[in-house]
Amino acid sequence: MASEKGVMLLDFWVSPFGQRARIALAEKGVQYEYKEENLTEKSELLLKANPVHKKIPVLIHDGKPVCESLIIVEYINEVWSDKAPLMPSDPYQKAQARFWADFVDKKVYDCGSRLWKLKGEEQQAAKKEMIEILQLLEAQLGDKKYFGGDSFGFVDVAFVPFTSWFYSYETCANFSVEGVAPKIAQWAKRCMERESVAKTLYDPKKVYEFVCFLKKKFGVE
Amino acid sequence: MGETLKLFGWKVSPYSHRVEVALRLKGVKYEFIHEDLANKSDMLIRYNPILKKIPVLLHDDTPIVESQVIVEYIDEVFDGHPILPKDPYERAEARFWARFIDEKVRPQVWMSCWTDGEIQKSFIAQAKESLATLQGRLEGKKFFGGDSIGLIDIMACSLALWYGVMEEVVGLNLLNDYPELCRWGEDYRNVEAVRECLPERELIVDFFAPRKDRIFAKKAPVYD
């Protein structure tokens, strides 16, 4: 990669991981070049920028690549520290934020994928797990405006992209997020009032179309 | 914040070790509370209700959980030996490799030991690739952190002792194919802060040896 000045994001339109980076960049008001990757035919640039995992998102800042979505978000927060802090300054609050963002990372995507990939008993087990995950997150949110308190923060950025997948999870597994975790549903609506989120997330019906395409591709009926 | 530090841990666990190394690098005093994982204390469950796991660091009655989260917290709160670099790009790079170790190296080496047949062959192939990649990151330096240990070294601690013991118990020989990693392991074990909190080899053997039959039971053992 040439040491070109500037910020570039290698990404895939519907990826919730890529969306984390996009939302963080938007919150900070950073100008960047967006490059859509074809995941069935990855570009030379992607393979060079992320040789270990060959995955998006990759943030390339002045020619240097940063990989892994939550690591990218922390990097963005540390470099563009003059505006919209995404992490609390208190070390204990920071530790809490990292714990919950990691919890979202380890649980939501994986369980969500099982909701649309599996059927029967296995799907029911995944549904039970997803409800538990949502309720744990709801307990953590409590009556706060955001997971970060009054300010939109790290855990909000980590979790909010998955809200556009709620409709897909609900339709595939037959349950309602609003029914099992109403505070989470309200939090999702509040986040959509933020420009960074509204301009980044896709319509849930469009995400569902993508899930249907994946189901066909994986032969799930 | 005052300075009362308590660590709920278990000497056999590398995750517990990670936190002890971080505390010792900073030169801070702490009380080690040994948890019997077959019989978790009420205190542990109170302080880590979500995961109910060790290690848990209690800083003046405030609990912090998850070994990497705890290590980063220690680095931010206490002066002394820097565990993460100051530069944002280098920090991101250190976190990348910490994650690589936990998400790739660890499960792949673990499953290579505790499976058999075709599944084992597949895990061994993956583990070999990951170990080679990790070895490449050393780039001939003494430690992943350069001249002194940092986040990546601490997160890689299992490679310095635990995996070697585990492989010997199950009769596998992966790590020896990576001489630079073996050399790093020896250098890591010789760091004073590490030496002070490394468990006796026999303790780890005593944990894994009775579980050797798990290969055939197809259920990998877990530390907790």
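Counting only heavy atoms from C-beta outward, the side chains of B/L51 and A/F99 approach each other to under 4.5 Å. B/Y89 is listed as a side-chain neighbour of A/P65, based on a closest heavy-atom distance under 4.5 Å.
For A/H61, no part lies near chain B; criterion is any non-hydrogen pair under 4.5 Å. Interface remark: B/R95 contributes backbone and side-chain atoms alike to the contact with chain A (heavy atom separation under 4.5 Å). For a residue to count as touching a neighbouring chain, one of its non-hydrogen atoms must lie under 4.5 Å from one of that chain's; by this rule A/D105 touches chain B with the side chain only. Residue B/P49 does not touch chain A at all, counting heavy-atom pairs closer than 4.5 Å. Using a 4.5 Å cut-off between heavy atoms, B/I50 touches chain A through its side chain atoms alone.
Atom CD of A/Q124 is surrounded by more than 12 heavy atoms from other residues, nucleotides or ligands within 6.0 Å. More than 12 heavy atoms of other residues, nucleotides or ligands sit less than 6.0 Å from atom CD of A/Q93. Within a 6.0 Å radius of CG in A/D82, more than 12 heavy atoms belonging to other residues, nucleotides or ligands are found. The 12-atom threshold is exceeded at NZ of A/K94, counting heavy atoms of other residues, nucleotides or ligands nearer than 6.0 Å. The number of heavy atoms from other shown groups lying within 6.0 Å of CD (A/Q135) is above 12. In this structure, B/K6 places its NZ atom where only 12 or fewer heavy-atom neighbours from other residues, nucleotides or ligands lie under 6.0 Å away. No more than 12 heavy-atom neighbours from other residues, nucleotides or ligands sit within 6.0 angstrom of CD on A/E44. Counting heavy-atom neighbours within 6.0 Å of B/E31 CD, excluding the residue itself, gives a total above 12.
In this structure, A/Y92 contributes its side chain and B/Y73 its backbone to no donor-acceptor pair below 3.5 Å.
Between B/V69 and A/A95, the closest heavy-atom pair is CG1-O, 3.4 Å. Minimum interatomic distance between B/A92 and A/Y75 (heavy atoms only, all atoms of both residues): CB-CD1, 4.2 Å.
When A/N77, A/V79, A/V66, A/V52 are compared by the number of non-hydrogen pairs under 4.5 Å with chain B, A/V52 comes out ahead.
Salt bridge absent: B/K104 and A/E68 never bring a charged side-chain N and a carboxylate O closer than 4.0 Å.
With values rounded to the nearest 0.5 angstrom, B/I64 atom CD1 is found 12.0 Å from A/R98 atom CZ. Atom-to-atom distance recorded for B/D87:CG and A/E78:CD is 9.0 Å, nearest 0.5 angstrom.
Using non-hydrogen atoms only and a strict 4.5 Å limit, no part of residues 137-153 of chain B faces chain A.
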Quiz item: When you look at A/E74 and B/R99, which way does the salt bridge (charged side-chain N to carboxylate O under 4.0 Å, His left out) test go after all the steps?
Solution: CA-CA 14 Å; A/E74 281 219 61; B/R99 199 180 163 109; over 6 Å; no
